[in-house]
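To keep things clear, I will list the structure first and then write my remarks on it.
Numbering of ligands and ligand atoms starts at 1, following listing order. All values reported here derive from a predicted model rather than from experimental measurement.
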Amino acid sequence: MANPSILILAGDGIGPEVMEEVKKIIRWLDARRGIAFDLGEDLVGGCSYDAHGTPLTDAAMARAQEADAVLLGAVGGPKYDALDFSVKPERGLLRLRKEMDLFANLRPAQCFDALADFSSLKRDVVAGLDIMIVRELTSGVYFGEPRGIFTEGNERVGINTQRYTEGEIARVARSAFDLARKRGNRVCSMEKANVMESGVLWRQVVQEVHDREYPDVELSHMYADAGAMQLTRWPKQFDVIVTDNLFGDLLSDLAAMLTGSLGMLPSASLGAPMANGRPKALYEPVHGSAPDIAGQGKANPIACILSFAMALRYSFDLGDEASRIERAVEKVLADGLRTADLMGPEGGTPVSTGAMGDAIIAAMDASL
Ligand code: NAD
């Protein structure tokens, strides 16, 4: 049987630097665990524009559609700021998300014990936190029609429309329930059913999908504003949170920042299952191309490495190997290893991108 395939799109700025550390882990899995992937690489973002005059070629798009998972580094940089909107590096990423129809955006908020003091919340509120926000990504108020700024009488009105079909709600609910089964088996659905009809439908459909297909998963409902309060009061009460595009935009940023640095935050975007049963999937760190530190070996590779761990767990059913990576990250942080972005006020000597990757691999080795 053919090996599962991964397409790497390292992109711009620190993207290739952090992806280099992921490639080390992929090689380690092959050498030490007998887990092999068919790796492909292509261009996205500014580097693709430089080579081909477009941020994503049709050929690269086709390869992404065929891959079992896509790993993306980051795109963009000041060099491309003046480009026309249609060929900006970010358009490459948007095209991938749209054409792969990645409707479920997964943002974990995981707090490693060694970094609990980085949070703006108290240590005991965040230490050991491990929650997952599933945000609907391709519908809702950012896409609904009518939209625009119109003139009514002698004043302007701005209009956006929150619109969800049953099918759109059901498919993202299924993503959340599937994830919960691989985690703590609990889902909290958030909307504003008290004031929005789209919220009433959201709540009904999530409940129906649950009762029909996932009765083994514990389901609760919460108004999204109360959810924001609960996330800052006692975030550890949650396992998986599923919510719409707008509320998810806010709640996932809130939850991510409970845990500290941008260099630590992974993400995944999932679509419908392919013929082989795996969901279409794009894994990427939350951070951008960090032009201010690019090329200096200062970037923290952990967000990208944890994104790859998500790929192992959610695309390849290799949850044990994903946990091994996460435990290795935990171990090196506990040992005091820090890239520059993780240096606290007490100071110390930061390690390079490559040294952080090597230390994580050494910890994985030690776990065998
Ligand atoms: P950014 O995330 O690139 O950087 C913000 C700050 O965080 C910078 O000071 C940077 O040095 C630091 N930082 C980010 N990732 C880090 C890491 N792994 N290790 C250490 N420090 C890290 O955001 P920005 O500066 O607003 O944007 C820079 C470029 O990236 C822009 O062109 C923007 O459009 C693009 N961008 C791309 C994506 C993406 O590819 N998904 C996301 C956000 C921004």
Next item on the list: Considering the heavy atoms of G263, write down every atom of ligand 1 situated less than 4.0 Å from one of them.
Entry: 17 (C), 18 (N)

Notebook entry, point to check: Does V286 reach ligand 1 with a nitrogen or oxygen that is under 3.5 Å from one of the ligand's nitrogen or oxygen atoms?
Noted result: no

Check: If hydrogens are left out, which of G13, G288, G11 has an atom nearest to atom 44 (C) of ligand 1, that is, the closest non-hydrogen atom?
Finding: G288

Next item on the list: Mark up the atoms of ligand 1 that fall under 4.0 Å of a heavy atom belonging to E284, in ascending order.
Entry: 41 (N)

Item checked: Closest approach of any protein heavy atom to atom 13 (N) of ligand 1, naming residue and atom -> A290 CB, 4.0 Å

Next item on the list: Please step through side chain to side chain contact (heavy atoms under 4.5 Å, CB included) for the pair R313 and E326, ending with a clear verdict.
Entry: CA-CA 11 Å; R313 180 172 288 123; E326 289 157 359; 2.9 Å; yes

Note to self: On a heavy-atom basis, I'd like to know which of L93, I302, N300 is closest to atom 18 (N) of ligand 1.
What the structure shows: N300

Checklist line | Min N/O separation V75 to ligand 1 under 3.5 Å | finding: yes

Check: What residue and atom, counting heavy atoms only, is the protein's closest point to atom 16 (C) of ligand 1, and at what distance?
Finding: I14 CD1, 3.9 Å

Next item on the list: Working to the nearest 0.5 Å, report the span between CD of E284 and CG of L71.
Entry: 10.0 Å

Check: Given I293, L342, L262, which has its nearest heavy atom closest to atom 22 (C) of ligand 1?
Finding: I293

Item checked: Ion pair E20/K23, N-O distance below 4.0 Å -> yes

Checklist line | Distance-only polar pair, side chains of S252 and R135, donor-acceptor under 3.5 Å | finding: no

Checklist line | Check: T138/E136 side-chain N/O donor and acceptor closer than 3.5 Å | finding: yes

Item checked: Per-atom contact, atom 26 (O) of ligand 1, protein heavy atoms, under 4.0 angstrom -> no

Margin query: Please list, in number order, the atoms of ligand 1 under 4.0 Å from a heavy atom of A299.
Written below: 19 (N)

Item checked: Those atoms of ligand 1 less than 4.0 Å from some heavy atom in A74 -> 40 (O)

Notebook entry, point to check: For atom 29 (C) of ligand 1, what is the nearest protein heavy atom, given as residue, atom name and distance?
Noted result: S289 OG, 3.2 Å

Notebook entry, point to check: How about R91 and T54: does a side-chain donor come under 3.5 Å of a side-chain acceptor?
Noted result: no

Notebook entry, point to check: With Y223, which of E191, M229, M190 fulfils side-chain contact (heavy atoms from CB on, under 4.5 Å)?
Noted result: E191

Next item on the list: Mind jotting down which residue pairs meet the ring-ring contact (aromatic ring centres under 6.0 Å, His included) criterion with at least one end in residues 291-346? Sequence neighbours excluded, please.
Entry: F37-F316

Checklist line | Atom pair NE2 (H287) and CG (D341), whose distance is rounded to the nearest 0.5 Å | finding: 9.0 Å

Item checked: Carboxylate-amine/guanidinium contact R107 D249, below 4.0 Å -> no

Checklist line | Closest protein heavy atom (residue, atom, distance) for atom 34 (O) of ligand 1 | finding: E90 OE2, 2.5 Å

Next item on the list: Note the single closest protein heavy atom to atom 14 (C) of ligand 1, along with its residue, its atom name and the distance in Å.
Entry: H287 CB, 3.7 Å

Notebook entry, point to check: In ligand 1, which numbered atoms sit nearer than 4.0 Å to a non-hydrogen atom of G76?
Noted result: 32 (O)

Check: Does P291 approach ligand 1 within less than 4.0 angstrom via side chain, backbone, both or neither, non-hydrogen atoms only?
Finding: side chain

Notebook entry, point to check: Relative to the ring of W202, is the ring of Y164 parallel (under 30°), tilted (30 to 60°) or perpendicular (over 60°)?
Noted result: perpendicular

Check: How long is the span from the CG atom in L231 to the CG atom in L251, to the nearest 0.5 Å?
Finding: 6.0 Å

Checklist line | Chi angles and distances behind the side chain to side chain contact (heavy atoms under 4.5 Å, CB included) call for M61, M100 | finding: CA-CA 9 Å; M61 185 66 239; M100 291 170 76; 3.9 Å; yes

Next item on the list: Output yes when the distance from some N or O of ligand 1 to some N or O of D292 is under 3.5 Å, and no in every other case.
Entry: yes

Item checked: Sub-3.5 Å N/O-N/O distance, D81 and ligand 1 -> no

Check: Is the closest N or O pair between G77 and ligand 1 shorter than 3.5 Å?
Finding: yes

Note to self: Please report whether atom 2 (O) of ligand 1 has a protein non-hydrogen atom at a separation of less than 4.0 Å.
What the structure shows: yes

